[in-house]
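Structure provided below as structure tokens; questions to follow.
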Amino acid sequence: MICILRRLITDNKVEPYTEHRQKYEVDQMKNFTGKSACKGVAIGRAFVLTGHDNDVRKWHIDDTEKEKKRFFHAKSISISQLNDIYEKAVAGTGKENAQIFKAHILIMEDAEFVNSVINLIEEQSVNAEYAIKAVADRYEGIFASMEDSYMRERAADIRDIAGRLMENLSGQGRVSDSVEGQVILCAEELSPSETVQLDKEHVVAFVTAYGSLNSHMAILARSMNIPAIIGVGQDFLHEISNGDRLAVDGYTGRIWIAPDEETIERIENKKREDEQKKALLDELKGKENITLDGRTIDIFANIGSVKQLKDALDVGAGGIGLFRSEFLYLESSDYPTEEQQFTVYKKVLQSMKEKKVIIRTLDIGADKQVSYFHLEKEENPALGYRAIRICLTRPELFKTQLRALYRASVFGKLGIMFPMIISVTEVEKIKVICEEVKKELSEENIPYSEQVELGIMIETPAAAIISDRLAKMVDFFSVGTNDLTQYTLACDRQNAAIEQFADTHHEAVLRLIELAAKNAHENGVWIGICGELAADTSLTETFLRMGIDELSVSPVFLLQVRDAVRKITLL
Ligand code: PEP
Ligand code: MG
């Protein structure tokens, strides 16, 4: 097969791709409007992640050496995965059947295959994903058109190899590694893992053609405080090219290509106003979260990575109310080990010192997809195999995370929170697994804290309705209003077309929160809110009146919520 491959490569040089989008001629200002996912303004040069080609985007790379390293790194992970698969296949189905995986390794190591990819990266300054796809497409086409049926089937192997390489490229800081200088990132849409890896030093704003305001892309933009406009439409992407000057107004959802002097001045004025407002809010740092009549409330921070700890500490968060641990998985190209997770949890707990840290266990599925989980494509992913459902059906995975959490628990004040709960049975099962983990650690003489709090997210109507029973089983509740709204109102949070129906202030959602608060308190457990609604200051008084004990918000909103609390009187 390799010989054939060699001959094909020499006979059929990979053609350079042609840049199909013309550079935008800057002769007049153009503007577009989308939805504001995160307020704020920015002026900068466009960095465009272009055209989906079977989900492979092509973009310009300045540092091709770095890009080649990404490719070699993905190649070596892929080869070690294939060696493991080969060993398992030999044991399971015999050497002959396992041979195909050796063939995949040979192709991946084939000098001419590798050189074709490398040449494309170097000569065309393109990303590794695109180079792999272009080379693989060419080979695949050649195999597919062969008369011999055995050879035709080899096209599928090429697809497989390219797919594996690309999977292992993702999670390697794809976007952030390729951005140079300060840019406004423009794309069709960003995945949650792409969003969380954005580096604020480089990406001063982002604009997407599609997307919904309740997606994790939007939530993360807010939590990272990167001005973001989404749902601008595909036309915008057709109009811009890399390097175009853009002005972004995240308050109004407007973007200007090649802004004129007047627009720039207006945006710069808004920027100055933002800085003044921020300075005013900064005066609230170190102050209490106390109402005019003396009622206090905890205000904690939501974070998705260790990087965001700094923001939480900077605004004086009273604790971490939601650490979205799934981003450890989303940013990685393989299952994070117990040791890797332990290091991260320990760091968060140590950084927060005496303050409470609520770490949510793995919540993937729906829009948070991790390629190496190989989850089946589902018709209704939000109603599907996600979050605790994955953990309870894959206890080895769950236990690895719980071991890391319990081991880290001696370094601070830990709460472990479980997502997507719908039943008493689930909580019973979770508690049994936690006990097993603790027992194993004791037998291995590994210390853990006995003070770890166990809590659940109230983010399904089922959990809210049976919260009287659930409250007897846990130490705390935290309301996930993003999902609670989606499930109560039957409005897919990913679907931008029905956003107008997803009324987060809907009486049904508020009544469910109130019910959960009443049941929590009647059973002596505390209740917080960690969904986006916690930062909605028009509801702060309502939440205080319901008796909510804690609000957990993106660090960027923390001082605004404190400000709102300090202006309320409950008398
Ligand atoms: C929620 O659903 O409100 C929540 C906090 O979790 P996530 O947004 O990550 O689903
Ligand atoms: Mg949720």
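Ligands are counted one by one from 1 in listed order, and the atoms in each one are counted from 1 as well. Computed from a predicted structure; not experimentally measured.
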Checklist entry - Near Leu322, which atoms of ligand 1 are under 4.0 Å from a heavy atom of that residue? => result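 Those qualifying, in numeric order: 5 (C).
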Item to check | Check: Arg386 N/O within less than 3.5 Å of ligand 1 N/O | outcome: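 No; the residue has no nitrogen or oxygen that sits under 3.5 Å from a nitrogen or oxygen of the ligand.
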Item to check | Region of Glu532 engaging ligand 1 - heavy atom pairs below 4.0 Å | outcome: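 None of Glu532 does.
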Item to check | Distance under 6.0 Å and angle within 45° of ring axis: Lys39 vs Tyr251 | outcome: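 Negative - Lys39 is either too far from the ring of Tyr251 or too far off its axis.
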Checklist entry - Near Cys530, which atoms of ligand 1 are under 4.0 Å from a heavy atom of that residue? => result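 In order of numbering, the contacting atoms are 5 (C).
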Item to check | Proximal ligand 1 atoms for Met457, defined as those under 4.0 Å from one of its heavy atoms | outcome: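 In order of numbering, the contacting atoms are 4 (C), 5 (C).
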Item to check | Enumerated ligand 1 atoms positioned under 4.0 Å from heavy atoms of Gly531 | outcome: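 Within the 4.0 Å cut-off of Gly531, ligand 1 contributes 3 (O), 5 (C).
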Checklist entry - Which part of Lys368 is near ligand 1, with near meaning a heavy atom under 4.0 Å away: side chain, backbone, both or neither? => result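 Lys368 to ligand 1: side-chain contact only, backbone stays beyond 4.0 Å.
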Next on the checklist: Is it the case that ligand 1 has an N or O less than 3.5 angstrom from some N or O of Glu326?
Outcome noted: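 No.
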Item to check | Which N, O or S atom of Asp483 lies nearest to the Mg ion (ligand 2), by name | outcome: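 In Asp483, the N, O or S atom with the shortest distance to the Mg ion (ligand 2) is OD2.
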Checklist entry - How does Met417 reach ligand 1, by side chain, by backbone, by both or by neither, if only non-hydrogen atoms under 4.0 Å count? => result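 For Met417, there is no contact with ligand 1 at all, from either part.
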Item to check | Donor on one side chain, acceptor on other, Asp311 and Gln308, under 3.5 Å | outcome: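 No donor-acceptor contact under 3.5 Å links the two side chains.
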Checklist entry - In terms of atom number and element, which parts of ligand 1 are under 4.0 angstrom from non-hydrogen atoms of Arg493? => result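 By the 4.0 Å cutoff, the relevant atoms are 2 (O), 7 (P), 8 (O), 10 (O).
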